[in-house]
Amino acid sequence: QNNFGLVIHGGAGTILKKNLTPELEAQYKETLEKAARKGYEILQNGGTSLDAVEQTIHILENSPLFNAGKGAVFANNEKNELDASIMEGKTLNAGAVAGVTNLKNPISAARKVMENSAHVLLAREGAEEFAASQGLEVVNPDYFFTEKRYQSLLHAKQNLSDDSKSAYVDPYINDYKFG
Amino acid sequence: TVGCVALDKDGNLAAGTSTGGMTNKKWNRIGDSPIIGAGTYANNKTCAVSGTGHGEYFIRANVAYDISALMEYKNLSLQEAAKEVIQNKLKNMGGDGGIIAIDAKGNLVAEFNTAGMYRATVDENGTITVGIYKE
């Protein structure tokens, strides 16, 4: 038991040691540790759990290693469509955004929806417009481009001729299970 | 997908999840991450949860809320509730993935039914534990 603490994740799936080089494994661990330390500092200094969650997730969103923010996978239309949500246990207030393409940190948009709107979930252009009106950082969608994720999309398209399938299922590539 | 759950010194819980979804998704598909109760949930009476995995199954299983509900209505511990939902209910439906969670007493959980999950915990002493694979 702890008076305070936190847990973070960066996705689950077919993550096998043989698929990660020692260098890449070290990068993942370093980023996870950096995020955990950030959250700890906030909590240790008396910050709120909401602040810890938001700022910890910023570190993960800003890393190209994870499927969120920069490093997010590509949709079929070759855009990065981002979703996020946040919830406060004291009030049961919650906020979320879906399908946004130009918000650097979607988790902050979710928090703005929770705190500054009468709604829980805003989607796509409306969510983007609301977040911009709240002063959140808007970026060119190119900001989210990473070569690795783009190649995964091209690979997926090559391997899916059945149009009824909307997502790529490949047990040897982590992307699929990160959803 | 990435996520974080936290308990602060005032006893307040919070949960957050952020994602790019699935590669090659079409038709404005969204998964569980922005669905409150599916991929994210927090309640000071029970726990805070963030999920990652095959979103359609997480939505149908109402994963995050279900863990909280098992604690609230059946008095399961966080570990018991998380294990029941991830290793039994979700897995039996054919869904895979995992969750992280923290309860009002500061118990920390990372439960998943996949080969691995990128994860880290930090307790009140500042002890950080990082994991990737099942072991």
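Order of the sequence lines sets the chain letters (A, B, ...), proteins ahead of strands, with each chain counted from 1.
- Of the residues considered (Ile132(B), Thr17(B), Asn43(B), Ile35(B)), Thr17(B) shows the highest number of contacts with chain A, using heavy-atom pairs under 4.5 Å.
- Ranking Glu81(A), Glu41(A), Glu54(A) against chain B, the residue ahead of the rest is Glu81(A), based on heavy-atom pairs under 4.5 Å.
- The choice from Thr91(A), Leu43(A), Leu82(A) that makes the most heavy-atom pairs within less than 4.5 Å of chain B is Leu43(A).
- For the options Asn107(B), Ile99(B), Val122(B), heavy-atom pairs under 4.5 Å to chain A are most numerous at Val122(B).
- When each of Glu78(A), Arg37(A), Arg111(A) is scored by its heavy-atom pairs under 4.5 Å with chain B, the top score falls to Arg37(A).
- Contact count against chain B (heavy-atom pairs under 4.5 Å) is highest for Ser85(A) among Ala75(A), Ser85(A), Pro106(A).
- Annotation: maximal heavy-atom pairing with chain A below 4.5 Å, among Gly3(B), Ala110(B), Gly126(B), occurs at Gly3(B).
- Proximity to chain A (any heavy atom under 4.5 Å) is shown, for Ala104(B), by neither the backbone nor the side chain.
- Partner of Thr121(B) under the side chain to side chain contact (heavy atoms under 4.5 Å, CB included) criterion, out of Leu6(A), Ile8(A), Val7(A), Asn2(A): Val7(A) alone.
- Only the side chain of Ile36(B) comes within contact range of chain A, judged by heavy atoms closer than 4.5 Å.
- At a 4.5 Å heavy-atom cutoff, the contact between Thr48(A) and chain B is made by backbone and side-chain atoms alike.
- Checked for salt-bridge contact, Glu72(B) and Lys45(B) meet the test: a charged N lies under 4.0 Å from a carboxylate O.
- Hydrophobic clustering keeps Val5(B) apart from Ile128(B) (ILVMFWY residues linked when any side-chain heavy atoms are closer than 4.5 Å, directly or through intermediates).
- Within the 4.5 Å cutoff, no side-chain heavy atoms of His9(A) are placed close to those of Tyr118(B).
- Ranked by non-hydrogen atom pairs under 4.5 Å with chain B, the options Ile42(A), Leu92(A), Asp51(A), Val53(A) are led by Val53(A).
- Distance alone, capped at 3.5 Å, is enough to place a donor-acceptor pair between the Asn159(A) side chain and the His155(A) backbone.
- For Asn113(B), no part sits under 4.5 Å from any heavy atom of chain A, backbone or side chain.
- Phe74(A) has its side chain out of reach of Thr23(B): every pair of non-hydrogen atoms, C-beta onward, lies at least 4.5 Å apart.
- Between Glu84(B) and Lys74(B) there is no salt bridge, since none of the side-chain N atoms of the basic residue sits less than 4.0 Å from a carboxylate O of the acidic one.
- Note on Asn125(B), Asp103(B), Asn12(B): by heavy-atom pairs under 4.5 Å with chain A, the leading option is Asn12(B).
- In this structure, Leu65(A) is a member of the same hydrophobic cluster as Val2(B), with clusters built from ILVMFWY side-chain heavy atoms closer than 4.5 Å.
- Contact count versus chain A (heavy atoms, under 4.5 Å) is highest, among Cys4(B), Ala14(B), Ala101(B), Gly106(B), for Cys4(B).
- Aromatic rings of Phe4(A) and Tyr40(A) (six-membered ring for Trp) have centroids within the 6.0 Å cut-off, being under it.
- Both the backbone and the side chain of Ala36(A) come within contact range of chain B, with heavy atoms under 4.5 Å apart.
- With a 4.5 Å cut-off on non-hydrogen atoms, Asp10(B) does not touch chain A at all.
- In this structure, chain B has no heavy atom under 4.5 Å from any part of Asn80(A).
- The contact between Ile30(B) and chain A is made by backbone and side chain atoms together, counting heavy-atom distances below 4.5 Å.
- Across Asn93(A), Val120(A), Asp83(A), Ile86(A), the residue that shares the most heavy-atom pairs under 4.5 angstrom with chain B is Asp83(A).
- A cation-pi arrangement is not found for Lys112(A) relative to Phe130(A), the charged atom failing to lie both closer than 6.0 Å to the ring centre and inside a 45° cone about the ring normal.
- The existence of a salt bridge linking Lys91(B) and Asp96(B) is excluded, since no basic side-chain nitrogen approaches an acidic carboxylate oxygen closer than 4.0 Å.
- Your options are Glu124(B), Met117(B), Lys9(B), and the one with the most heavy-atom pairs under 4.5 Å with chain A is Glu124(B).
- Using a 4.0 Å cut-off between charged side-chain N and carboxylate O, Lys17(A) and Glu25(A) make a salt bridge.
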